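In what follows, chains carry the letters A, B, and so on, assigned in the order in which the sequence lines appear, proteins first and then strands, with residues in each chain numbered from 1. Since the structure is predicted, the reported quantities are computational estimates derived from the model, not experimental observations.
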Number of protein chains: 2
Amino acid sequence: MKKTVLVFSLLILALLLLFQFSKYTVISGDLNIEYIMAIIAIAFLGIGIFINKKTQKQPETYNDQINLQKVEELGLSKREYEVLKEVALGLSNQEIAEKLFVSESTIKTHVSNLLLKLNAKRRTQAIQISKDLNII
Amino acid sequence: MKKTVLVFSLLILALLLLFQFSKYTVISGDLNIEYIMAIIAIAFLGIGIFINKKTQKQPETYNDQINLQKVEELGLSKREYEVLKEVALGLSNQEIAEKLFVSESTIKTHVSNLLLKLNAKRRTQAIQISKDLNII
DNA sequence: ATCAATTTAGTACTTTAGTATGAGCTTCAA
DNA sequence: TTGAAGCTCATACTAAAGTACTAAATTGAT
(Lines give C-alpha, C1' and ligand atoms only; values in the text may rest on other atoms or scores of the structure.)
Protein backbone atom coordinates (compact mmCIF):
# COMPACT_ATOMS: atom_id res chain seq x y z
CA MET A 1 0.00 0.00 0.00
CA LYS A 2 2.70 2.45 0.96
CA LYS A 3 4.59 1.54 -2.18
CA THR A 4 1.55 2.16 -4.33
CA VAL A 5 1.14 5.64 -2.88
CA LEU A 6 4.82 6.35 -3.43
CA VAL A 7 4.74 5.19 -7.03
CA PHE A 8 1.68 7.26 -7.84
CA SER A 9 3.13 10.32 -6.16
CA LEU A 10 6.25 10.02 -8.26
CA LEU A 11 4.10 9.53 -11.33
CA ILE A 12 2.14 12.70 -10.75
CA LEU A 13 5.36 14.57 -10.08
CA ALA A 14 6.86 13.29 -13.33
CA LEU A 15 3.73 14.34 -15.19
CA LEU A 16 3.87 17.85 -13.81
CA LEU A 17 7.54 18.20 -14.62
CA LEU A 18 6.90 17.04 -18.15
CA PHE A 19 4.18 19.65 -18.54
CA GLN A 20 6.50 22.40 -17.47
CA PHE A 21 9.27 21.11 -19.68
CA SER A 22 7.06 20.80 -22.73
CA LYS A 23 5.55 24.22 -22.22
CA TYR A 24 9.01 25.75 -21.97
CA THR A 25 10.39 24.01 -25.03
CA VAL A 26 7.32 24.76 -27.12
CA ILE A 27 7.46 28.41 -26.22
CA SER A 28 11.17 28.72 -26.78
CA GLY A 29 10.87 26.63 -29.91
CA ASP A 30 13.91 24.53 -29.13
CA LEU A 31 12.33 21.24 -29.93
CA ASN A 32 9.87 19.87 -32.35
CA ILE A 33 6.53 18.92 -30.87
CA GLU A 34 6.88 15.40 -32.28
CA TYR A 35 9.97 14.76 -30.20
CA ILE A 36 8.28 15.79 -27.00
CA MET A 37 5.36 13.54 -27.81
CA ALA A 38 7.65 10.65 -28.51
CA ILE A 39 9.59 11.17 -25.28
CA ILE A 40 6.41 11.27 -23.26
CA ALA A 41 5.05 8.22 -25.02
CA ILE A 42 8.18 6.17 -24.48
CA ALA A 43 8.59 7.33 -20.91
CA PHE A 44 5.06 6.42 -19.93
CA LEU A 45 5.26 3.18 -21.83
CA GLY A 46 8.23 2.32 -19.64
CA ILE A 47 6.48 3.49 -16.51
CA GLY A 48 3.46 1.37 -17.41
CA ILE A 49 5.61 -1.71 -17.82
CA PHE A 50 7.46 -0.94 -14.61
CA ILE A 51 4.29 -0.49 -12.56
CA ASN A 52 2.86 -3.65 -13.96
CA LYS A 53 5.95 -5.64 -13.08
CA LYS A 54 5.98 -4.32 -9.56
CA THR A 55 2.33 -4.99 -8.93
CA GLN A 56 2.39 -8.39 -10.53
CA LYS A 57 2.14 -11.07 -7.94
CA GLN A 58 4.05 -14.30 -8.13
CA PRO A 59 1.55 -16.59 -9.79
CA GLU A 60 2.84 -19.65 -7.87
CA THR A 61 -0.31 -21.05 -6.46
CA TYR A 62 -3.08 -19.87 -8.69
CA ASN A 63 -3.68 -23.34 -10.02
CA ASP A 64 -3.49 -25.17 -6.74
CA GLN A 65 -5.62 -22.91 -4.66
CA ILE A 66 -7.15 -24.66 -1.73
CA ASN A 67 -10.58 -25.89 -2.60
CA LEU A 68 -12.59 -25.01 0.47
CA GLN A 69 -15.78 -25.92 -1.29
CA LYS A 70 -14.57 -29.50 -1.48
CA VAL A 71 -13.97 -29.46 2.26
CA GLU A 72 -17.61 -28.69 2.80
CA GLU A 73 -18.73 -31.29 0.31
CA LEU A 74 -16.79 -33.90 2.23
CA GLY A 75 -18.54 -32.82 5.42
CA LEU A 76 -15.30 -32.05 7.19
CA SER A 77 -15.87 -29.90 10.25
CA LYS A 78 -13.69 -26.91 11.00
CA ARG A 79 -11.76 -28.76 13.66
CA GLU A 80 -11.33 -31.89 11.58
CA TYR A 81 -9.93 -29.84 8.75
CA GLU A 82 -7.58 -28.12 11.15
CA VAL A 83 -6.34 -31.48 12.40
CA LEU A 84 -5.97 -32.74 8.84
CA LYS A 85 -3.60 -29.91 8.03
CA GLU A 86 -1.46 -30.75 11.04
CA VAL A 87 -1.43 -34.41 10.07
CA ALA A 88 -0.21 -33.42 6.62
CA LEU A 89 2.58 -31.47 8.27
CA GLY A 90 3.83 -34.75 9.65
CA LEU A 91 2.89 -34.27 13.29
CA SER A 92 1.96 -37.12 15.63
CA ASN A 93 -1.38 -37.17 17.43
CA GLN A 94 0.37 -36.17 20.64
CA GLU A 95 2.07 -33.22 18.97
CA ILE A 96 -1.16 -32.04 17.39
CA ALA A 97 -2.88 -32.33 20.76
CA GLU A 98 -0.26 -30.09 22.36
CA LYS A 99 -0.39 -27.61 19.51
CA LEU A 100 -4.17 -27.29 19.70
CA PHE A 101 -4.38 -27.52 23.50
CA VAL A 102 -6.58 -30.59 23.64
CA SER A 103 -6.04 -34.21 24.65
CA GLU A 104 -4.65 -36.91 22.44
CA SER A 105 -8.00 -38.72 22.67
CA THR A 106 -9.66 -35.79 21.04
CA ILE A 107 -7.19 -35.80 18.18
CA LYS A 108 -7.69 -39.52 17.73
CA THR A 109 -11.42 -38.98 17.48
CA HIS A 110 -10.94 -36.22 14.94
CA VAL A 111 -8.49 -38.24 12.89
CA SER A 112 -10.74 -41.26 12.95
CA ASN A 113 -13.70 -39.23 11.72
CA LEU A 114 -11.63 -37.49 9.12
CA LEU A 115 -10.36 -40.79 7.74
CA LEU A 116 -13.94 -41.97 7.33
CA LYS A 117 -14.96 -38.80 5.52
CA LEU A 118 -11.93 -38.90 3.25
CA ASN A 119 -12.39 -42.62 2.70
CA ALA A 120 -8.82 -43.29 3.78
CA LYS A 121 -7.43 -46.24 5.67
CA ARG A 122 -4.42 -44.44 7.07
CA ARG A 123 -3.30 -40.89 7.72
CA THR A 124 -0.70 -41.17 4.98
CA GLN A 125 -3.44 -42.05 2.54
CA ALA A 126 -5.52 -39.17 3.85
CA ILE A 127 -2.62 -36.85 3.01
CA GLN A 128 -2.42 -38.21 -0.53
CA ILE A 129 -6.17 -37.93 -1.07
CA SER A 130 -6.25 -34.41 0.35
CA LYS A 131 -3.48 -33.31 -1.97
CA ASP A 132 -5.35 -34.74 -4.93
CA LEU A 133 -8.47 -32.87 -3.92
CA ASN A 134 -6.49 -29.64 -3.37
CA ILE A 135 -7.82 -29.21 0.13
CA ILE A 136 -4.41 -28.88 1.77
CA MET B 1 5.96 -13.90 -32.08
CA LYS B 2 3.19 -13.02 -34.49
CA LYS B 3 1.36 -11.32 -31.68
CA THR B 4 4.40 -9.25 -30.80
CA VAL B 5 4.71 -8.00 -34.38
CA LEU B 6 1.02 -7.17 -34.43
CA VAL B 7 1.18 -5.31 -31.13
CA PHE B 8 4.18 -3.26 -32.20
CA SER B 9 2.63 -2.46 -35.55
CA LEU B 10 -0.46 -1.17 -33.81
CA LEU B 11 1.74 0.77 -31.43
CA ILE B 12 3.58 2.53 -34.20
CA LEU B 13 0.32 3.24 -35.94
CA ALA B 14 -1.11 4.73 -32.76
CA LEU B 15 1.97 6.86 -32.34
CA LEU B 16 1.73 8.22 -35.87
CA LEU B 17 -1.96 8.96 -35.45
CA LEU B 18 -1.26 10.80 -32.26
CA PHE B 19 1.38 12.91 -33.93
CA GLN B 20 -0.99 13.90 -36.67
CA PHE B 21 -3.75 14.59 -34.20
CA SER B 22 -1.56 16.67 -31.96
CA LYS B 23 -0.13 18.66 -34.86
CA TYR B 24 -3.62 19.39 -36.11
CA THR B 25 -4.97 20.43 -32.74
CA VAL B 26 -1.95 22.54 -31.90
CA ILE B 27 -2.17 24.35 -35.20
CA SER B 28 -5.91 24.83 -35.01
CA GLY B 29 -5.57 25.76 -31.34
CA ASP B 30 -8.52 23.63 -30.28
CA LEU B 31 -6.83 22.06 -27.33
CA ASN B 32 -4.34 23.03 -24.75
CA ILE B 33 -0.95 21.35 -25.07
CA GLU B 34 -1.23 20.00 -21.51
CA TYR B 35 -4.30 17.96 -22.38
CA ILE B 36 -2.59 16.35 -25.30
CA MET B 37 0.38 15.48 -23.15
CA ALA B 38 -1.86 14.00 -20.51
CA ILE B 39 -3.76 11.93 -23.05
CA ILE B 40 -0.55 10.60 -24.52
CA ALA B 41 0.86 9.84 -21.10
CA ILE B 42 -2.22 7.97 -19.93
CA ALA B 43 -2.61 6.14 -23.23
CA PHE B 44 0.96 4.89 -23.25
CA LEU B 45 0.84 4.04 -19.60
CA GLY B 46 -2.09 1.79 -20.40
CA ILE B 47 -0.34 0.36 -23.45
CA GLY B 48 2.73 -0.38 -21.35
CA ILE B 49 0.70 -2.26 -18.79
CA PHE B 50 -1.15 -4.11 -21.52
CA ILE B 51 2.01 -5.20 -23.32
CA ASN B 52 3.57 -6.34 -20.11
CA LYS B 53 0.55 -8.43 -19.20
CA LYS B 54 0.49 -10.08 -22.60
CA THR B 55 4.17 -10.90 -22.70
CA GLN B 56 4.28 -12.26 -19.19
CA LYS B 57 4.88 -15.98 -19.29
CA GLN B 58 3.31 -18.54 -17.04
CA PRO B 59 6.06 -19.81 -14.76
CA GLU B 60 4.23 -23.15 -14.41
CA THR B 61 6.40 -26.00 -13.25
CA TYR B 62 10.02 -25.02 -13.21
CA ASN B 63 10.29 -25.57 -9.49
CA ASP B 64 8.83 -29.01 -9.00
CA GLN B 65 11.09 -31.26 -10.98
CA ILE B 66 12.24 -34.24 -9.01
CA ASN B 67 15.66 -33.60 -7.59
CA LEU B 68 17.46 -36.92 -7.97
CA GLN B 69 20.74 -35.35 -7.02
CA LYS B 70 19.31 -34.67 -3.59
CA VAL B 71 18.40 -38.33 -3.26
CA GLU B 72 22.04 -39.24 -3.68
CA GLU B 73 23.17 -36.55 -1.29
CA LEU B 74 20.92 -38.01 1.35
CA GLY B 75 22.46 -41.43 0.79
CA LEU B 76 19.13 -43.03 -0.04
CA SER B 77 19.59 -46.37 -1.78
CA LYS B 78 17.57 -47.31 -4.84
CA ARG B 79 15.30 -49.58 -2.86
CA GLU B 80 14.82 -47.11 -0.04
CA TYR B 81 13.84 -44.43 -2.51
CA GLU B 82 11.41 -46.84 -4.11
CA VAL B 83 9.83 -47.58 -0.74
CA LEU B 84 9.68 -43.88 0.07
CA LYS B 85 7.60 -43.23 -3.01
CA GLU B 86 5.16 -45.96 -2.01
CA VAL B 87 4.94 -44.57 1.50
CA ALA B 88 4.10 -41.17 0.04
CA LEU B 89 1.32 -42.83 -1.94
CA GLY B 90 -0.27 -43.72 1.37
CA LEU B 91 0.38 -47.46 1.37
CA SER B 92 0.92 -49.51 4.52
CA ASN B 93 4.08 -51.55 5.05
CA GLN B 94 2.14 -54.71 4.27
CA GLU B 95 0.80 -53.26 1.03
CA ILE B 96 4.23 -52.09 -0.06
CA ALA B 97 5.63 -55.53 0.74
CA GLU B 98 3.06 -57.17 -1.53
CA LYS B 99 3.60 -54.64 -4.27
CA LEU B 100 7.36 -55.15 -4.27
CA PHE B 101 7.23 -58.91 -3.61
CA VAL B 102 9.17 -58.86 -0.37
CA SER B 103 8.29 -59.40 3.28
CA GLU B 104 6.91 -56.78 5.60
CA SER B 105 10.10 -57.04 7.68
CA THR B 106 12.11 -55.89 4.72
CA ILE B 107 9.89 -52.88 4.23
CA LYS B 108 10.15 -52.05 7.90
CA THR B 109 13.92 -52.14 7.64
CA HIS B 110 13.86 -49.89 4.59
CA VAL B 111 11.44 -47.45 6.18
CA SER B 112 13.46 -47.34 9.36
CA ASN B 113 16.66 -46.58 7.46
CA LEU B 114 14.94 -44.05 5.29
CA LEU B 115 13.56 -42.19 8.29
CA LEU B 116 17.07 -41.93 9.69
CA LYS B 117 18.46 -40.57 6.46
CA LEU B 118 15.64 -38.09 6.06
CA ASN B 119 15.88 -37.16 9.72
CA ALA B 120 12.19 -37.86 10.21
CA LYS B 121 10.41 -39.29 13.22
CA ARG B 122 7.44 -40.66 11.34
CA ARG B 123 6.53 -41.62 7.81
CA THR B 124 4.17 -38.68 7.57
CA GLN B 125 7.02 -36.37 8.41
CA ALA B 126 9.18 -38.14 5.86
CA ILE B 127 6.55 -37.35 3.24
CA GLN B 128 6.54 -33.70 4.19
CA ILE B 129 10.34 -33.48 4.16
CA SER B 130 10.56 -35.28 0.83
CA LYS B 131 8.08 -32.90 -0.73
CA ASP B 132 10.07 -29.95 0.51
CA LEU B 133 13.23 -31.41 -0.98
CA ASN B 134 11.43 -32.14 -4.26
CA ILE B 135 12.47 -35.76 -4.23
CA ILE B 136 8.96 -37.17 -4.66
C1' DA C 1 -36.06 -22.85 24.19
C1' DT C 2 -34.81 -26.82 21.83
C1' DC C 3 -32.66 -29.80 18.60
C1' DA C 4 -28.70 -31.13 15.77
C1' DA C 5 -24.04 -30.84 15.03
C1' DT C 6 -19.61 -30.08 16.92
C1' DT C 7 -16.01 -30.49 20.14
C1' DT C 8 -14.21 -32.53 23.79
C1' DA C 9 -12.59 -36.68 26.39
C1' DG C 10 -12.55 -41.06 28.28
C1' DT C 11 -11.83 -46.53 28.33
C1' DA C 12 -10.54 -50.58 26.16
C1' DC C 13 -8.97 -52.76 22.51
C1' DT C 14 -6.65 -54.16 17.85
C1' DT C 15 -3.63 -52.99 14.31
C1' DT C 16 0.15 -50.77 12.29
C1' DA C 17 4.51 -48.50 12.68
C1' DG C 18 9.01 -48.18 14.19
C1' DT C 19 13.53 -49.84 16.74
C1' DA C 20 17.24 -52.91 17.75
C1' DT C 21 19.83 -56.57 16.54
C1' DG C 22 21.61 -60.44 14.10
C1' DA C 23 22.36 -62.81 9.97
C1' DG C 24 22.49 -64.82 5.19
C1' DC C 25 22.96 -63.53 0.35
C1' DT C 26 24.47 -60.82 -3.72
C1' DT C 27 27.05 -57.41 -6.20
C1' DC C 28 30.80 -54.77 -7.42
C1' DA C 29 35.03 -52.44 -7.00
C1' DA C 30 39.85 -52.42 -5.13
C1' DT D 1 39.41 -62.46 -3.28
C1' DT D 2 38.18 -59.75 0.15
C1' DG D 3 35.42 -56.31 1.94
C1' DA D 4 31.94 -52.79 1.83
C1' DA D 5 27.34 -51.84 0.64
C1' DG D 6 22.85 -53.14 -0.42
C1' DC D 7 18.86 -56.22 -0.01
C1' DT D 8 16.66 -59.61 2.26
C1' DC D 9 14.34 -61.63 6.47
C1' DA D 10 13.54 -62.89 11.25
C1' DT D 11 12.56 -62.17 16.31
C1' DA D 12 11.26 -59.41 19.98
C1' DC D 13 10.18 -55.47 21.49
C1' DT D 14 7.97 -50.51 22.30
C1' DA D 15 5.37 -46.82 20.51
C1' DA D 16 1.98 -44.86 17.82
C1' DA D 17 -2.16 -45.14 15.25
C1' DG D 18 -6.68 -46.36 14.67
C1' DT D 19 -11.52 -48.40 16.12
C1' DA D 20 -15.57 -48.65 18.82
C1' DC D 21 -17.97 -47.28 21.86
C1' DT D 22 -20.07 -43.72 25.53
C1' DA D 23 -20.91 -39.26 27.12
C1' DA D 24 -20.71 -34.39 28.63
C1' DA D 25 -20.39 -29.52 27.32
C1' DT D 26 -20.79 -26.06 23.67
C1' DT D 27 -22.51 -23.86 19.75
C1' DG D 28 -25.73 -22.31 16.36
C1' DA D 29 -29.87 -22.12 13.97
C1' DT D 30 -35.02 -22.54 13.93
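- Residues satisfying the side chain to side chain donor-acceptor pair (under 3.5 Å) test with B/T109, not counting sequence neighbours, are none.
- B/K70 is not listed as a side-chain neighbour of B/N134, based on a closest heavy-atom distance of 4.5 Å or more.
- Atom CG in A/L76 sits roughly 14 Å away from atom C1' in C/dA5 (whole-Å rounding).
- The separation between A/K117 atom NZ and C/dA5 atom P is 11 Å, rounded to whole Å.
- For B/I129, the side chain to side chain contact (heavy atoms under 4.5 Å, CB included) partners two or more places apart in sequence, or in a different chain, are B/L118, B/A120, B/Q125, B/L133.
- Residues B/K78 and B/S105 both approach DNA chain D. Their nearest nucleotides, taken by heavy-atom distance, put B/K78 toward the 5′ side.
- Under a 3.5 Å cut-off, the side chain of A/Y81 and the backbone N or O of A/L68 do not form any donor-acceptor pair.
- In this view, A/E104 satisfies the side chain to side chain donor-acceptor pair (under 3.5 Å) rule with no residue, not counting sequence neighbours.
- Legend: residues meeting side chain to side chain donor-acceptor pair (under 3.5 Å) with A/Q69, ordered by chain and number and at least two apart, are A/E73.
- Partners of B/E82 under the salt bridge (Lys or Arg N to Asp or Glu O under 4.0 Å) rule, at least two apart in sequence or in another chain, are B/R79.
- Partners of B/K117 according to the salt bridge (Lys or Arg N to Asp or Glu O under 4.0 Å) rule, which considers only residues two or more places apart in sequence or in another chain, are B/E80.
- Around atom CG of B/N119, no more than 12 heavy atoms belonging to other residues, nucleotides or ligands sit under 6.0 Å away.
- When the side chain to side chain donor-acceptor pair (under 3.5 Å) test is applied to B/Q128, no partner is found at least two apart in sequence or on another chain.
- Here D/dG6 presents its C1' atom at 13 Å from CD of B/E82, a figure rounded to the nearest Å.
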Give me the distances for all protein-to-nucleotides 24-30 of chain D N/O pairs that come in under 3.5 Å?
none

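- If you take CG of A/N119 and C1' of D/dG18, they are 15 Å apart, rounded to a whole angstrom.
- Between D/dT8 and B/T106, no contact under 4.0 Å exists linking OP1 or OP2 to a side-chain N or O.
- Rounded to a whole Å, the CD atom of B/E95 is 13 Å from the C1' atom of C/dT15.
- In this entry the distance linking CD of A/E98 with C1' of D/dA16 reads 14 Å, nearest Å.
- Residue A/S103 has a polar side-chain atom (N or O) positioned under 4.0 Å from OP1 or OP2 of C/dG10.
- Shown here are the salt bridge (Lys or Arg N to Asp or Glu O under 4.0 Å) partners of A/E95, two or more places apart in sequence or in another chain: B/K121, B/R122.
- Note: CZ (B/R79) to C1' (C/dT26) measures 14 Å, nearest angstrom.
- One axis for each end of the helix from C/dA1-D/dT30 to C/dA30-D/dT1, each built from five base pairs, and the angle between them comes to 50° at 10° resolution.
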Fill in: Sequence-aligned protein contact record of nucleotides 16-21 of chain C, with B where the base is within under 4.0 Å of a protein heavy atom and S where only the sugar-phosphate is
-BBS--
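- Remark: A/K99 engages A/E86 in a salt bridge (Lys or Arg N to Asp or Glu O under 4.0 Å) (not counting sequence neighbours).
- Taking atom CD1 on A/I107 and atom P on D/dG18, their separation rounds to 12 Å, with Å as the unit.
- The phosphate of D/dT8 has OP1 or OP2 within less than 4.0 Å of a side-chain N or O from B/H110.
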